[in-house]
Peer 1: 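Once you've had a glance at the structure underneath, I'll fire off some questions.
Throughout, protein chains are lettered first and strands after them, A, B, ... in sequence-line order, and every chain is numbered starting at 1.
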Amino acid sequence: MPTGSSSLPASLPASAFEGWDGSTAQARELQLALARRVCLEDDFVPLRRVAGVDVGFEEGGTITRAAALLLDAESLQVLASRLVRQPTSMPYVPGLLSFRELPAVLEALRGLPELPDLIFSDGHGIAHPRRLGIAAHLGVVTGLPTIGVAKTILTGVHAELGEERGARVDLCERRTGEVIGSVLRSKTRVRPLIVSPGHRVSLASAPELVMRFVTRYRLPEPTRLADRLASRRDEA
DNA sequence: GCGACAG
DNA sequence: ATCTTGTCGC
């Protein structure tokens with residue numbers, strides 16, 4: 001079987017949650033099982049192509065719009081972009097975001113001419129109650145390296161953060177003190193980003209990679225562009 | 001039992 | 001996320 005040729009979007013899994021019965025209870029169990037497969041070791045080189053994915057909604061939330069863009073890691077030039085629309089399957093439930101958004105995201109990724117070496121996803125990676133935010137979920141089911149870039153905290157606490165661009169502090173699990181991500185000031189005097197590894201990226205590398213793709217805006221280019229496309233403040 | 005709660 | 005205009009600040 002074609003097990004070695006894994007550079008085609010067609011190799012992406014058909015489903016992000018095999019055998020899910022639709023219940024929120026089983027969804028949480030599935031998250032615990034998938035979280036055990038998360039890899040926090042750096043394994044994303046060579047980094048030639050990166051992707052940004054995000055989701056938006058239309059028609060009062062009945063239609064889900066997922067955007068995926070492929071950029072050259074060196075020039076940040078957009079090589080390809082894909083926008084897919086699907087009927088929304090379930091409401092937003094804190095902690096279960098991936099069950100609502102991943103189907104559309106996977107479909108958008110399938111439309112890219114090639115798979116990326118790293119994916120920047122909106123939302124959290126392991127900075128999640130069960131360590132499986134949408135970025136981690138996406139990474140585990142696709143096998144691709146991923147990083148979660150969120151605008152607000154879902155869970156965790158942190159020390160005060162410096163005001164200058166580049167300032168960073170650990171995001172920790174309140175009870176155990178376990179480090180689950182970083183609070184990162186991507187721009188001076190701007191609300192910080194919450195960055196956490198999704199899959200095949202370490203806690204230390206995640207914020208460095210994000211800064212590497214930040215230009216003049218708060219969000220790193222892959223997610224900023226995907227955000228614009230998915231939220232239709234754009235065209236296509 | 002009472003909050004908190006990515007997008 | 002989305003509904004929404006102008007406005008203050010770097």
Peer 1: Tell me which of A/Arg189 and A/Asp227 sits closer to the 5' end of DNA chain C, going by the nucleotide each one is nearest to.
Peer 2: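 Mapping each residue to its closest nucleotide by heavy atoms, the 5'-most match is A/Asp227.
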Peer 1: To the nearest Å, how far apart are A/Leu154 CG and B/dA4 P?
Peer 2: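 Roughly 14 Å, once rounded to whole Å.
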Peer 1: Examine C/dC10: is either OP1 or OP2 under 4.0 Å from a nitrogen or oxygen in the side chain of A/Lys187? Give yes or no.
Peer 2: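 For C/dC10, OP1/OP2 do not have a side-chain N/O of A/Lys187 under 4.0 Å.
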Peer 1: A/His124 has an atom NE2; how far is it from atom P of B/dA6, in whole Å?
Peer 2: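 Roughly 8 Å, once rounded to whole Å.
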Peer 1: What's A/Gly133 touching, base or sugar-phosphate or nothing? Going by heavy atoms closer than 4.0 Å.
Peer 2: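 Result for A/Gly133 = base.
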Peer 1: With sugar-phosphate meaning primed atoms plus P, OP1 and OP2, does A/Leu96 contact a base, only sugar-phosphate, or nothing at under 4.0 Å between heavy atoms?
Peer 2: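 Base, at least one base heavy atom under 4.0 Å.
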Peer 1: How many whole angstroms separate atom CD1 of A/Ile194 from atom P of B/dC5?
Peer 2: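 Rounded to the whole Å, the gap is 12 Å.
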Peer 1: Run A/Asp122 and A/Thr223 through side chain to side chain donor-acceptor pair (under 3.5 Å) and show every step you take.
Peer 2: CA-CA 6 Å; A/Asp122 201 46; A/Thr223 45; 5.8 Å; no
Peer 1: Find the distance A/Lys151:NZ to B/dC5:C1' and express it as a whole number of Å.
Peer 2: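 Rounded to whole Å, this separation is 16 Å.
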Peer 1: Closer than 4.0 Å, any side-chain N/O of A/Thr155 to the OP1 or OP2 of B/dC5?
Peer 2: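 So the side-chain polar atoms of A/Thr155 never come under 4.0 Å of the phosphate oxygens OP1 or OP2 of B/dC5.
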Peer 1: Would you say whether A/Tyr92 stacks on B/dG7? The test is a distance between ring centres of less than 5.5 Å and an angle between planes of less than 30°.
Peer 2: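 Yes, A/Tyr92 stacks on the base of B/dG7, since the ring centres sit under 5.5 Å apart and the planes are within 30°.
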Peer 1: Over how many whole Å does the gap from A/Phe120 atom CZ to B/dG7 atom C1' extend?
Peer 2: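 Those two atoms, CZ and C1', are 19 Å apart.
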Peer 1: Send over the distance from A/Phe57 CZ to B/dA6 P, rounded to a whole Å.
Peer 2: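 Taking CZ of A/Phe57 and P of B/dA6, I get 13 Å after rounding.
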Peer 1: Got a sec: does the CZ of A/Arg191 have more than 12 other heavy atoms crowding it under 6.0 Å?
Peer 2: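 No - once you tally the heavy atoms of other residues, nucleotides and ligands closer than 6.0 Å, there are 12 at most.
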Peer 1: A/Phe44 ring centre to A/Arg200 NZ or CZ under 6.0 Å, with the angle to the axis within 45°?
Peer 2: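 The answer is no, since A/Arg200 fails at least one limit relative to A/Phe44.
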Peer 1: Mind checking if A/Ile134 touches a base, just sugar-phosphate, or nothing, with heavy atoms under 4.0 Å?
Peer 2: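 If one applies the 4.0 Å heavy-atom cut-off, A/Ile134 turns out to touch a base.
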Peer 1: Any chance you could lay out the side chain to side chain donor-acceptor pair (under 3.5 Å) test for A/Thr64 and A/Gln86, step after step, and finish with the verdict?
Peer 2: CA-CA 5 Å; A/Thr64 297; A/Gln86 300 183 348; over 6 Å; no
Peer 1: To the nearest angstrom, how far is A/Glu58 atom CD from C/dC3 atom C1'?
Peer 2: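 Atom CD in A/Glu58 sits about 15 Å away from atom C1' in C/dC3.
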Peer 1: Using a 3.5 Å distance criterion without hydrogens, assess whether the side chain of A/Thr142 forms a donor-acceptor pair with backbone atoms of A/Leu144.
Peer 2: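 Yes, A/Thr142 side chain to A/Leu144 backbone: donor-acceptor pair under 3.5 Å.
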Peer 1: Whole-Å distance between C/dC10 P and A/Arg165 CZ?
Peer 2: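 Value for this atom pair: 18 Å.
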Peer 1: Looking for any heavy atom pair under 4.0 Å, which part of the strands does A/Gly148 touch: base, sugar-phosphate only, or nothing?
Peer 2: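 Nothing, no heavy atom under 4.0 Å.
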